[in-house]
**Student:** 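First the structure, then my questions, so here it is.
Keep in mind it's a predicted model, so treat the numbers as computed, not measured.
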Amino acid sequence: MSLEALEAQLRRDFLAGLAGDRAAYRAFLAAASARLRHYIRGQLARTGRREPADVEDLLQETLLAMHTAQGSYDPASPVTAWLHAIARYKVIDHLRRSGRTPHAETLDDAAHLLGVEDHAATESALDLNRALDRLPTRARALIREVKVQGASVAEAAARAGMSEGAAKVALHRSMRQLARLLGARGEGEG
Amino acid sequence: MKTDDLLDLLAAAQSPVDTGALDRALSAAAIAGLFLAALLVILTLGMRPDLTAALLAGPVAAKFAFAGSLGLLALLLFRRALRPGVGAGSLPLALAVPVAILGVLALSQIVATPMEMRPAVLYGRSWTACVIFIPLYAVLPFAALVAAGRRGAPVHPGRAGLAAGLAAGALAAMAYALHCPEDTLPFVFAWYGGALALCTAAGWILGGRLLRW
């Protein structure tokens, strides 16, 4: 897929996602994570780390950061540029925290154009699970319902005895908190 | 957790996002910062009594034009720095224009001044007050801008902080100009310029810490 075609696809799905379309947002996330996984794997490999679990850790942190930073997207600019800038920031941040030279390639060279879908089923090592443990019990239960048991937000809300609106707010807050917890690693917090 | 599971979770947590909120917060912060700094100058130092008349003379108007143009450009630069993937464009170059214009005008005024009068024209009576007060009055606008900026996602926090520092300094300089009794262009160039440089450097250092996310 050319960069133009990728941009067109990502843009269509992301703009719909920003308007609140969950299915379109899910499609955007899938396409974005395939591409970012390839980039992150390349960057980590340069520092001698080839564990798929490390790649998934950093990918998940980047996806959470992206999710909470959606309001920073300027609809007049390319989605790929936005995505790449965030991924590069997270990679540099990660390398700095793990004590390596903070230098990351930009994502624009041809080698990264095609994200190949693999390792998607790899468990992240620990980071996100550890961050999840630090959420309030109620939020964690909600996440388990939605996630592990594949319930819709409405079903999970009903089972937790909250309104659907309250469950959405709780989920939204939890994602922000997870992003914060992951971003704070190595700064004396985790 | 598998990444696919995280994607389901993020999609489930998705609600409509307002990408314009950041710009509105930034405008509100800039206006509030300018207003607060002006209020503080008027309450603590007082307005110069002849402000309206002095505004018609070149040098006082030059303070507002210099600080106003730099402030506006720095705000635009800050706004761009908060949005990943959006470059600075030609804004850094544009910042050089007001500096160059005022620099040339200030230099020509110095050259036209007799040697023994030059220190008075350059230092005036209050150059230390100018360099100290402008950064102090910039604290509130800077705090307002950084608070708004934390809604953004600066991928170069230091650069974003630098722009916020310059913008806050320029807002404070406009507020301080309500009081400042000096009426020469060399004074404005050297000391307003110096105060803004201090604010910019402080913003760069603080921004790297405060705007990380």
Side-chain angles (χ1 to χ4, degrees), chain A residues 17-23 25-26 29-30 33 37 56 59-60 63-86 88-89 92-93 119-124 128-129 132 143 146-148 150 152-153 156 168-169 171-172 174-175 179-180 183, chain B residues 1-29 75-89 91 146-161 163-164 207-213:
Chain A
L18 287 172
D21 180 338
R22 299 207 166 92
Y25 185 56
R26 178 69 175 76
L29 288 173
S33 60
R37 178 178 291 115
E56 295 305 303
L59 174 61
Q60 292 179 1
L63 289 167
L64 269 162
M66 217 175 72
H67 177 79
T68 54
Q70 287 178 81
S72 73
Y73 173 62
D74 176 357
S77 70
V79 180
T80 37
W82 179 77
L83 203 65
H84 298 167
I86 292 178
R88 189 163 176 273
Y89 176 70
I92 291 175
D93 197 42
H119 293 309
T122 305
E123 288 276 344
S124 62
L128 188 56
N129 293 333
L132 270 169
I143 287 174
V146 172
K147 200 37 261 111
V148 183
S152 73
V153 178
K168 279 179 191 162
V169 170
L171 271 178
H172 178 70
S174 303
M175 295 308 116
R180 242 192 338 265
Chain B
M1 188 186 281
K2 292 185 177 67
T3 299
D4 258 5
D5 293 339
L6 177 65
L7 301 192
D8 289 338
L9 199 54
L10 291 177
Q14 178 72 344
S15 48
V17 176
D18 179 1
T19 53
L22 180 58
D23 289 350
R24 290 197 299 278
L26 220 50
S27 313
L75 279 173
L76 292 173
L77 196 61
F78 186 45
R79 173 173 173 254
R80 284 172 162 255
L82 295 173
R83 295 193 181 269
V86 178
L91 283 171
V146 166
R150 288 183 60 87
R151 306 170 68 123
V155 292
H156 299 288
R159 282 183 220 170
R209 297 171 180 280
L210 298 174
L211 289 166
R212 286 188 62 186
W213 54 290

**Student:** Applying side-chain hydrogen bond (donor to acceptor under 3.5 Å, both in side chains) between B:Gln14 and each of A:Arg26, A:Gln70, A:His172, report the one that passes.
**Tutor:**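 The option that passes is A:Gln70.
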**Student:** For the CZ atom on B:Arg79, are there more than 12 heavy atoms of other groups (residues, nucleotides or ligands in this structure) within a distance under 6.0 Å?
**Tutor:**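 No, CZ of B:Arg79 has 12 or fewer neighbouring heavy atoms, counting only those of other groups under 6.0 Å.
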**Student:** Can you check whether B:Leu7 reaches A:Ser33 side chain to side chain, under 4.5 Å on heavy atoms?
**Tutor:**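 In short, these two side chains touch, coming nearer than 4.5 Å.
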**Student:** Can you tell me which portion of B:Val86 sits under 4.5 Å from chain A's heavy atoms? Options are side chain, backbone, both or neither.
**Tutor:**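 Side chain of B:Val86 only, per the 4.5 Å heavy-atom cut-off to chain A.
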**Student:** Among A:Ser77, A:Ser174, A:Ala19, A:Ala156, which has the most heavy-atom pairs under 4.5 Å with chain B?
**Tutor:**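 Heavy-atom pair counts peak at A:Ala19.
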**Student:** To the nearest 0.5 Å, how far apart are OG1 in B:Thr19 and CH2 in A:Trp82?
**Tutor:**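 Taking OG1 in B:Thr19 and CH2 in A:Trp82, the distance rounds to 10.5 Å.
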**Student:** With a 4.5 angstrom heavy-atom cut-off, could you sort out which part of A:Leu59 is near chain B: side chain, backbone, both or neither?
**Tutor:**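 Contact with chain B involves the side chain of A:Leu59 alone.
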**Student:** State, yes or no, whether a side-chain contact exists between A:Tyr25 and B:Ser15 at a heavy-atom distance under 4.5 Å.
**Tutor:**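 Answer no - side chains too far apart.
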**Student:** Relative to chain A, which segment of B:Ala12 carries a heavy atom at a distance below 4.5 Å: side chain, backbone, both, or neither?
**Tutor:**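 The answer is both parts of B:Ala12.
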**Student:** Using a 4.5 angstrom heavy-atom cutoff, name the option from A:Pro78, A:Ala81, A:Ser72, A:Ala85 with the most pairs to chain B.
**Tutor:**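 Most pairs with chain B among the choices: A:Ser72.
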**Student:** Between A:Ile86 and B:Trp213, is any pair of side-chain heavy atoms under 4.5 Å apart?
**Tutor:**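 Yes. Closest side-chain heavy atoms under 4.5 Å.
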**Student:** List the atom of B:Ala13, the atom of A:Leu171, and the distance in Å for their closest heavy-atom pair.
**Tutor:**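 It is CB-CB, 3.9 Å.
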**Student:** Decide, yes or no, whether a salt bridge links B:Arg80 with A:Asp74 under the criterion of side-chain N to carboxylate O below 4.0 Å.
**Tutor:**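 No.
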**Student:** Should the heavy atoms of other residues, nucleotides or ligands under 6.0 Å from CZ of B:Arg150 be counted, would the total exceed 12?
**Tutor:**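 For B:Arg150, atom CZ is not crowded (no more than 12 foreign heavy atoms under 6.0 Å).
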**Student:** Quick one: side-chain contact (heavy atoms from CB on, under 4.5 Å) partners of B:Ser27, sequence neighbours excluded?
**Tutor:**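 side-chain contact (heavy atoms from CB on, under 4.5 Å) list for B:Ser27, sorted by chain: empty.
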**Student:** Between B:Ala21, B:Gly20, B:Pro84, which has the largest tally of heavy atom pairs under 4.5 Å with chain A?
**Tutor:**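 Option with the top pair count is B:Pro84.
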**Student:** Return the CD to CG distance between A:Gln60 and B:Leu6, rounded to the nearest 0.5 Å.
**Tutor:**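 That separation rounds to 5.5 Å.
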**Student:** Where do B:Leu10 and A:Met66 land on the side chain to side chain contact (heavy atoms under 4.5 Å, CB included) test, with the steps shown first?
**Tutor:** CA-CA 10 Å; B:Leu10 291 177; A:Met66 217 175 72; over 6 Å; no
**Student:** So which part of A:Ala65 gets closer than 4.5 Å to some heavy atom of chain B, the side chain, the backbone, both or neither?
**Tutor:**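 Contact with chain B is through both the backbone and side chain of A:Ala65.
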**Student:** What distance separates B:Leu9 CG from A:Leu64 CG, expressed to the nearest 0.5 Å?
**Tutor:**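 Answer for the CG-CG pair, B:Leu9 versus A:Leu64, is 8.0 Å.
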